[in-house]
There are 2 protein chains.
Amino acid sequence: MRTLKYAILGLINRRPSTGYDITKEFKAELGNFWRARHSQIYPELKRLVDEGLIEYETVIAGEALEKKVYSLKDKGREELLEWLNKDEKMVPTAKDKFRLRMYFSSNIEQEHLVELLESQLEQRREKLATLKKKIDGYSEVPQFGSQEFGDYLVLESAILREAAYVEWLERSIKRCSQ
Amino acid sequence: MRTLKYAILGLINRRPSTGYDITKEFKAELGNFWRARHSQIYPELKRLVDEGLIEYETVIAGEALEKKVYSLKDKGREELLEWLNKDEKMVPTAKDKFRLRMYFSSNIEQEHLVELLESQLEQRREKLATLKKKIDGYSEVPQFGSQEFGDYLVLESAILREAAYVEWLERSIKRCSQ
DNA sequence: ACGTGCATGTAAAGCGTTACATGATTAC
DNA sequence: GTAATCATGTAACGCTTTACATGCACGT
């Protein structure tokens, strides 16, 4: 499947990056939909070099700090485009531990169950607020074909997802108290 | 983390089950939020027995077919309850390959991008319709504390999740054509 | 001088999928 | 009889997390 491979190719395609840069990207917006730690990223970068999909230039920052700045080779861009254009089926399961817990909620005491739901609600509301603040930074929908268009799409997606989660939690809390 | 462990304990707590039963559950409603294959389930059952959390009785079906019917031991129920009552932080990333693709959508041709979005939309709409049909089977919200209450909560959750996905895809298709 | 962030790696363990392997039961 | 479903397992591989490990740069 190698999803990480394509995530990395996609990021490097946006702009030449170091492993550290890529690690940071996964902590930002993109991190809402895919994440990887540096311990996974560095070996994957090495592998992509071996496969001839990317290459790097060593750059010295300051006096001695070595950075490896990776960029796409033709073959890498090719494979990225191929993956991007694939029409894959939806995956049937988006794992969610909290919802799994709620499936067994009949074993939790009413009061505590409400507490658990409230706790999630607070976190989700906060997340939603952060995302909304970010989208307010756009004065208009970015132009189709720009990198910002992709940013915008997934930001909107994250907002709708969180809003739905919040809505569910609110409803569930009500249902507990009836 | 051992989430599968608790999923299995939860299922066995609902009713004594075989590995095959548990495999089926993961393909049903619950499968919207957690899934595991039999190759993961059988070893985990063995492990839970070793740990003294569950036990089994061998039952002969028909002439010779051996079934292992697992049930919870006290320690298993204890650990399940402990897990259920834990207030865990939300996980920051629900991985989604399609949204990852859309993050890099500036590299996809407009027409084809719309096709990809439409393809996802069709699948999500179908899923949503199936889920809605299921919730229509409930004449009313099940009573708090019943097993059905948990079923209902996660069903509603799945519906809201899919509805949000559909909403996002519809918006995105519009945004592509503007 | 000290702390935070920049920068790169490896090792071990755990989690999950795909494939291999086998055999009984039931409904048509 | 034969196909679908019931039923249980193992092996190999791949993906992901946690922990170990090191050192430079920059601002205060």
Side-chain angles (χ1 to χ4, degrees), chain A residues 1-8 11-12 16-28 30-31 33-51 54 56-70 88-89 91-97 100, chain B residues 1-8 11-12 16-28 30-31 33-51 54 56-70 88-89 91-97 100:
Chain A
M1 206 172 25
R2 308 273 316 268
T3 308
L4 178 60
K5 162 180 165 179
Y6 298 105
I8 290 177
L11 287 171
I12 294 177
S17 307
T18 65
Y20 193 82
D21 292 335
I22 291 168
T23 306
K24 268 194 302 179
E25 293 276 4
F26 281 123
K27 284 178 195 154
L30 178 56
F33 303 110
W34 209 267
R35 201 164 278 207
R37 306 188 189 263
H38 76 277
S39 58
Q40 208 182 346
I41 291 163
Y42 288 112
E44 186 64 33
L45 284 169
K46 192 169 272 181
R47 187 172 172 187
L48 293 173
V49 170
D50 288 347
E51 292 172 339
I54 60 176
Y56 68 88
E57 195 192 351
T58 302
V59 174
I60 306 294
E63 298 274 297
L65 185 60
E66 289 195 356
K67 290 207 260 186
K68 290 183 182 175
V69 181
Y70 291 89
E88 278 186 353
K89 256 192 282 187
V91 289
T93 308
K95 291 192 175 185
D96 184 330
K97 250 192 288 189
L100 174 64
Chain B
M1 204 171 27
R2 307 272 316 267
T3 308
L4 177 61
K5 162 180 166 178
Y6 298 105
I8 290 178
L11 287 171
I12 295 178
S17 307
T18 65
Y20 192 82
D21 292 336
I22 291 167
T23 307
K24 266 195 302 180
E25 294 276 4
F26 281 123
K27 284 177 196 156
L30 177 56
F33 302 111
W34 209 267
R35 201 164 279 209
R37 306 186 189 264
H38 77 276
S39 58
Q40 207 182 347
I41 291 162
Y42 288 112
E44 186 65 32
L45 284 168
K46 190 169 273 181
R47 187 171 171 188
L48 293 173
V49 170
D50 289 347
E51 292 172 340
I54 61 175
Y56 68 89
E57 196 191 349
T58 302
V59 174
I60 306 292
E63 298 275 297
L65 185 60
E66 289 194 357
K67 291 206 259 186
K68 290 183 181 175
V69 181
Y70 292 89
E88 279 187 352
K89 255 191 283 188
V91 289
T93 309
K95 291 192 175 184
D96 184 330
K97 250 193 286 188
L100 174 63

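Numbered from 1 within each chain, the chains take letters A, B, ... in sequence-line order.
Residue whose closest nucleotide on DNA chain D sits further toward the 5' end, between B:Y42 and A:G62: B:Y42. Nearest-nucleotide assignment on DNA chain D puts the 5′-proximal partner with A:L4, out of A:E63 and A:L4.
Across D:dA7, D:dT16, D:dC24, the shortest atom-to-atom separation from the side chain of A:W34 is found for D:dT16. Closest to the side chain of B:K67, from the set C:dC6, D:dC24, D:dA7, is D:dA7. Considering only the side chain of A:K24, C:dC6 comes nearest among C:dG16, C:dC6, D:dA7. When the nucleotides C:dT25, D:dT8, D:dT16 are ranked by their closest atom to the side chain of B:Y20, D:dT8 comes out on top. The side chain of A:L65 lies closest to C:dC6 when the candidates are C:dC6, C:dG23, D:dG9. Between D:dG9, C:dG9, D:dC6, one nucleotide has an atom nearer to the side chain of A:H38 than all others, and that is C:dG9.
For B:Y56, the OH atom sits in a loose shell: 12 or fewer heavy atoms of surrounding residues, nucleotides or ligands are nearer than 6.0 Å. Counting non-hydrogen atoms of other residues, nucleotides and ligands closer than 6.0 Å to OH of B:Y6 gives a total above 12.
Between A:K97 atom NZ and D:dT16 atom C1' there is a gap of 13 Å when expressed in whole angstrom units. Atom CD1 of B:I41 is separated from atom P of C:dG16 by 11 Å (rounded to the nearest Å). The interatomic distance linking B:F26 (CZ) with C:dC15 (C1') rounds to 13 Å, in whole Å. One interatomic measurement links the two molecules: CG of A:L48 to C1' of C:dG9, which rounds to 16 Å at whole-angstrom precision. Between A:E44 atom CD and C:dT8 atom C1' the separation is 16 Å, expressed in whole Å. Remark: P of D:dT8 and CD1 of B:I8 are 12 Å apart, rounded to the nearest angstrom. For the pair A:I22 CD1 and C:dG9 P, the interatomic distance rounds to 12 Å; values are reported in whole Å. Taking atom CZ of residue A:R47 and atom P of nucleotide D:dT16, one finds them 12 Å apart after rounding to whole Å.
Here the side chains of B:L11 and B:L30 are in contact, with some heavy-atom distance below 4.5 Å. The shortest distance between side-chain heavy atoms of A:E44 and A:R2 falls below 4.5 Å.
Note on B:S39: a base of the nucleic acid sits closer than 4.0 angstrom, heavy atoms only. Residue A:K5 is out of contact with every strand shown, counting any heavy-atom pair closer than 4.0 Å.
For the OP1/OP2 pair of C:dT18 and a distance below 4.0 Å, the side-chain nitrogens and oxygens of B:R37 include at least one atom meeting the criterion. Residue B:T18 has a polar side-chain atom (N or O) positioned under 4.0 Å from OP1 or OP2 of D:dT8. A close approach under 4.0 Å does not occur between any side-chain nitrogen or oxygen of B:K46 and OP1 or OP2 of D:dT8. Checking the phosphate oxygens (OP1, OP2) of D:dG9, a side-chain nitrogen or oxygen of B:K68 falls inside 4.0 Å.
Once rounded to the nearest 0.5 Å, the distance linking CG of A:L45 with NE2 of A:H38 reads 12.0 Å.
Residue A:T93 comes nearest to B:R35 through the heavy atom pair OG1-NE, 2.9 Å, listed as atom of the first residue, atom of the second, then distance.
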